[in-house]
Amino acid sequence: MKPTLRERLGVLLAFCNKGRNPYWLTGGLIILGFVLVYLSPRSIPAFLLFVGGSSLAYFLEMKKPARLAFAVLVAIVLVPILGARNIFYLEVIFQIAVFSALALGLNIVVGFSGLLNFGYMAFYAVGAYLWGFFGSQQPFLLHEIPGTAPPGTPFFLAPDWFYLFIFLGIIVAAIVGLILGLPVLRVRGDYLAVITLAFGEIVRQLLNNLDKPLNLTNGPQGISPIQKPTLTPEVVAFFNQIFEPLVGRPVTANQFYNILFYLIAVAVVIFVIIITFRLDDSRIGRAWTAIREDELAASAMGIPANKLKLGAFAVGASFAGAMGVLFAASRTFISPESFTFLASVNVLTMVILGGIGSIPGVIVGAVVVTILNLQVLQSISLWLAQLRQSDAFIPIINFHWKDLSNQLDPSKYQRLVFGIILVLMMIYRPAGILPAGRRQRELEHVDSVIDDEVDSSIAPGAASSSGAVSKGKEDDHV
Amino acid sequence: MSESTHVLQATGVVKRFGGLTAVNKVDFSMEKGRIFSIIGPNGAGKTTFFNTISGLYKPEEGRILFEGRAIQGLPPEKITLRHIARTFQNIRLFGGMTVLENILVGAYTRLSQTAIDTVLRTRRFKEEEARAEKRAEELMAYVGLRNVGNELASSLPYGGQRRVEIARALASEPTLLLLDEPTAGMNPAESEDAMHLFRRIRDELGITILLIEHDMKVVMSISERISVMDHGEKIAEGSPREIASNPSVIEAYLGRGATGGIGAGSAAHVDKLAKEDAS
Amino acid sequence: MRKILASEALREILLPLGRMALFVVGAGALFSAIMFALAFLAQGSGADKLLLETHKMGILEYTLGQLPQVLIDGMTLGFVYAAIALGYTMVYGVLEFINFAHSEIFAIGAFVGVEFLIFMDRLGVLAAAGPLGSYMYLVLALAVAMIASGSVAVLMERTAYRPLRNSPRLVPLISAIGVSFALQDVIRMVESLTTGQFYRVIPTFGNFDERVALFSIPTGGAPIAVNIQVKSIVVIVAAVLMLVALNYIVNATKIGKAIRSVAQDRTTAALMGIGVNGIISFTFLIGGALGGAAGVLYALKFTRIDPFVGFMPGMKAFTAAVLGGIGNLTGALLGGICLGMLESFAGAYLGTFTMGRFGSEYKDIFAFLILIIVIIFKPSGLLGEQVSQKA
């Protein structure tokens with residue numbers, strides 16, 4: 001019998017996990033990837049190798065401190081160095097971080113609780129416009145026509161309020177999440193999906209139209225400039241002191257902003273991952289899953305389904321709110337165009353591609369879709385553009401590349417790519433690339449006692465001893 | 001009979017669906033520590049009555065008292081909080097969760113961890129989770145499940161799923177357990193085991209059991225009292241012996257040629273029961 | 001098999017016509033009454049004074065003067081929405097599934113019809129066609145669009161929905177979203193590769209742009225002339241004909257009976273020997289064809305189309321379907337007309353009444369709000385769910 005692909009992969013995995021192999025493999029691939037990216041900054045395979053090597057720290061079996069050490073090395077040292085050499089990578093990884101947080105938030109609603117939400121970007125918009133409004137000159141432009149800011153208009157708040165606004169973004173988005181989540185109390189299934197889509201569109205249309213009667217959002221033009229937090233020259237100098245030899249040149253303050261936002265984004269993502277993991281593995285997470293599986297049975301088990309569904313909406317929204325604030329500051333410009341239905345579906349694609357309900361899966365989804373978006377599609381476009389300028393042709397059918405329409409630009413066909421991904425995933429792999437597994441617990445071996453007369457471990461006295469709310473009526477029961 | 005011994009009392013309970021009256025003015029009371037059965041032909045309103053007790057339906061009329069307090073119309077989660085648990089006729093486990101997790105979901109109302117505890121992983125949280133996990137394992141052992149804690153609930157055979165459902169219900173620390181056709185689809189040996197388990201739940205854990213059952217052998221041998229429902233109304237109540245000889249009950253069953261339960265075949269069985277009753 | 005009598009057939013034609021008339025008159029009267037009440041209340045307000053300054057008439061007079069035009073526009077739009085809404089409602093009736101990609105079926109119809117007309121225009125036949133000829137080409141464009149949209153709808157069901165028919169309900173919905181997005185880009189790709197641009201403008205031909213003067217309203221200022229564009233008449237007539245035809249198919253033919261039985265109970269229908277897959281395909285075919293025709297009519301009315309043209313009309317038509325009671329053909333008609341009227345009224349009066357503070361762009365927000373409110377508070381819609389006994 002020939003071994004199947006699955007068996008072969010199993011053997012490979014077993015080898016990778018043997019002895020010290022995980023450490024060597026992970027470390028080796030990270031360093032190799034790093035060196036390759038360092039040397040040829042435009043190469044996608046090198047970048048993928050780097051990302052893949054880094055992800056081994058999660059997927060292979062190794063001790064927790066080692067995992068953490070690898071993660072810190074990659075996140076705090078290697079990526080900033082690569083990013084300082086080539087800002088483009090920092091941008092890609094920044095976006096991966098932002099979208100990971102968004103996808104994790106959406107995953108709580110869609111994956112854990114099974115409530116489809118097509119208007120998720122509304123929460124991101126709430127965060128973005130929160131800082132966009134208060135972190136810009138907009139509060140002083142309420143009575144101006146969009147685009148006619150008088151020169152010398154001051155900013156409303158000092159730039160360092162930004163940090164506080166990350167937390168405000170969490171709170172405000174959570175409140176909006178609760179409000180937009182109210183329909184879940186009455187509506188379920190596909191109707192809920194449509195309602196969330198409608199809510200998302202209303203929010204976007206309001207952003208578009210609330211330039212009058214009061215100019216709150218500056219309309220379709222969007223708000224700009226939005227402040228970034230302050231950066232002291234000392235910090236930049238300190239960074240250069242340590243990393244200049246590795247980067248090869250000093251980093252300017254402007255470039256350092258990219259590193260700063262990257263680090264903030266990573267911090268938020270770590271925070272989000274921890275919260276998501278912890279919620280998932282608790283009575284709240286179990287209740288969400290139970291509601292997803294069978295709402296009626298869940299409520300018969302004592303789960304207040306409505307409260308938990310609202311909670312899922314609020315938690316999911318809060319992640320997006322935090323990232324929205326970060327997004328507004330990092331771009332210094334926001335407009336309603338960033339919060340379309342397409343953007344919501346984009347995040348949904350990440351969740352579904354990676355594995356609905358699966359935390360590592362969702363992150364993988366965010367990585368894959370973002371890289372696809374920013375790098376793969378772009379470079380295919382670039383490659384086609386180069387072919388067009390060359391004399392190359394396809395031999396048999398005698399097709400000259402220069403005859404290829406310059407309208408064929410893959411980077412512009414995100415809808416097609418994501419649409420096809422969604423359909424194919426639904427048909428062939430609805431659980432995603434890394435399907436959500438249930439936590440396997442270390443179980444003590446308690447023997448079955450169905451055939452024995454009495455099991456002392458659960459005698460009447462013990463029956464309700466562990467319950468905090470038990471009513472102490474054991475005596476009556478005997 | 002003093003008030004306090006009646007754990008569950010229903011008076012004049014009416015549940016309608018549009019024009020159909022599924023439960024019509026049912027009066028009902030059961031004593032603590034008993035095993036009580038409701039029988040009746042298909043569509044008699046047994047499960048509807050169950051759902052009304054457990055809060056899935058709101059009754060249009062009538063009162064349901066549990067331990068002296070009115071519970072009619074409360075949402076199901078509040079009813080579970082009052083220590084009433086149930087199983088379903090067509091097993092409703094959370095198929096995508098492990099057996100252990102299913103039981104932990106059952107313990108939802110008995111855990112006091114807050115969202116803050118959860119996110120901060122406080123000591124209280126960890127201790128409570130460990131306790132809940134241990135107890136879930138004990139319950140698995142109690143209902144006779146071996147080494148399946150990490151299996152998906154949906155991967156278990158039918159009988160195993162029934163047991164998980166009972167363990168899940170027990171995890172909510174009920175004083176009253178509602179079992180909706182718990183032996184449906186079981187072979188005689190499995191039914192025997194199940195009955196044994198129900199008796200132990202009552203005797204060892206002191207839990208009052210109300211069950212709906214079709215299998216007359218099970219009903220007659222396990223119940224101390226039986227109510228018979230037909231067309232949404234309670235038509236008889238009494239000991240198994242009284243029920244077996246009640247003409248209106250026999251008519252309700254045999255008159256329609258439904259399951260041949262109470263016929264001559266089980267007469268001997270009833271006799272045996274009567275002796276047990278006397279002892 | 002009972003034979004359908006001629007009188008019954010006639011009834012199935014006259015009944016929906018009567019309903020349409022009733023709905024148009026009813027919805028028009030209701031909206032007009034509300035508008036008058038608002039205008040009455042707004043007398044003496046800032047908006048009233050502003051109108052007196054600029055138009056030399058009070059707000060009541062202004063409202064009255066605009067009304068006929070608003071009603072005509074609302075009716076035109078309403079019939080287009082109704083035609084699209086029928087596609088949603090039929091599929092929902094049969095499969096209990098929101099076919100999100102129906103808006104792209106509409107867009108495909110619009111593009112195919114417009115491309116056909118552009119092609120004819122290039123051949124020169126369109127300009128040369130007489131009045132009768134131009135109508136013939138429009139009918140041809142409608143036919144081509146219906147064939148294309150119907151086929152794509154059937155294909156879509158085969159490939160993207162049928163494999164998921166027994167999956168949890170949200171799975172086909174996600175697939176439908178995927179199809180919707182993919183089709184938008186397919187249209188864009190095909191258009192931009194073949195023509196170099198992704199939007200198209202319907203060629204001017206025939207007398208569709210002419211206006212038929214109906215009457216004029218004397219006012220304090222300049223008299224307001226009320227007229228109707230020929231193409232509005234064409235849109236209304238074409239939509240009415242198609243709606244009647246569809247109603248006839250569903251209610252008075254053998255295949256319609258099969259559709260209704262599949263909608264009621266798929267399993268039983270299969271046991272009775274009805275080819276369920278075939279019926280579902282047929283449902284997509286006629287729903288898609290209707291959507292495609294609506295696309296051409298939409299293009300005729302609004303002239304410019306782009307690959308994303310389907311989204312808003314699709315959402316509004318879905319709202320119409322839900323408002324009327326999804327799964328209910330008559331409901332879709334009523335919902336469509338209400339939505340069309342609402343949009344027309346909001347577009348015409350909102351800006352004036354709020355003195356430009358809120359413009360007509362809020363009409364989309366209104367449509368979404370209605371969708372949310374109806375789903376939350378009356379999910380069965382105005383006429384209720386009558387999946388089994390449609391229309």
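Per chain, numbering begins at 1; letters A, B, ... match sequence-line order. Atom set for the values below is all heavy atoms of this structure, side chains included, hydrogens, waters and symmetry mates excluded.
- Distance check, rounded to the nearest 0.5 Å: CG of B:Leu56 to OG of A:Ser299 gives 6.0 Å.
- Heavy-atom contacts from other residues, nucleotides or ligands closer than 6.0 Å to CD of A:Glu61 number 12 or fewer.
- Side chain of A:Asp294 to main chain of B:Phe94: no donor-acceptor pair is present (N/O by atom type, distance under 3.5 Å, no hydrogens or angles).
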(message) Apply side-chain contact (heavy atoms from CB on, under 4.5 Å) to residues B:Glu77 and A:Leu308 and explain how you reach the verdict.
(response) CA-CA 12 Å; B:Glu77 65 264 20; A:Leu308 277 152; over 6 Å; no
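- Scanning all heavy atoms of the two residues, the minimum distance from B:Thr80 to A:Gly302 falls at OG1-N, 3.3 Å.
- For the atom pair OG (B:Ser54) and CE (A:Met301), the distance works out to 9.0 Å, reported to the nearest 0.5 Å.
- Rounded to the nearest 0.5 Å, atoms OG1 (B:Thr98) and CZ (A:Arg438) are 7.0 Å apart.
- Other residues, nucleotides and ligands contribute only 12 or fewer heavy atoms inside 6.0 Å of the CZ atom of A:Phe271.
- Ranked by heavy-atom pairs under 4.5 Å with chain B, the list A:Ile275, A:Ile284, A:Thr276, A:Ile303 is led by A:Ile303.
- Heavy atoms from other residues, nucleotides or ligands lying under 6.0 Å from CZ of A:Phe167 number 12 at most.
- One distance of note links CD of B:Glu151 with CD of A:Gln440; it measures 8.0 Å at 0.5 Å rounding.
- Heavy-atom distances place both the backbone and the side chain of B:Leu104 under 4.5 Å from chain A.
- Proximity to chain A involves both the backbone and the side chain of B:Tyr108, based on heavy atoms less than 4.5 angstrom apart.
- Across all non-hydrogen atoms, the minimal contact from B:Gln113 to A:Ser282 is OE1-CB, 3.6 Å.
- When heavy atoms are compared at a cutoff of 4.5 Å, B:Leu120 approaches chain A solely by way of its backbone atoms N, CA, C and O.
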(message) One pair to check against side-chain contact (heavy atoms from CB on, under 4.5 Å): B:Leu111 and A:Arg286. What are the steps and the verdict?
(response) CA-CA 12 Å; B:Leu111 300 178; A:Arg286 291 190 294 266; 3.6 Å; yes
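- A salt bridge is absent between B:Glu101 and A:Arg283; no separation between the charged side-chain nitrogens and carboxylate oxygens falls under 4.0 Å.
- Nearest heavy-atom pair, A:Arg278 versus B:Val119, reported as atom, atom and distance to 0.1 Å: NH1-O, 2.6 Å.
- B:Arg86 places no side-chain N or O within 3.5 Å of a backbone atom of A:Ala300 that could act as its donor or acceptor partner.
- Both the backbone and the side chain of B:Ala115 come within less than 4.5 Å of a heavy atom of chain A.
- Atom CZ of B:Phe17 has more than 12 heavy atoms from other residues, nucleotides or ligands within 6.0 Å.
- At a 4.5 Å heavy-atom cutoff, A:Ala436 makes no contact with chain B through either its backbone or its side chain.
- The closest side-chain heavy-atom distance from B:Arg121 to A:Ile274 is not below 4.5 Å.
- Of all heavy-atom pairs spanning A:Ala297 and B:Arg168, the tightest one is CB-NH2, 4.4 Å.
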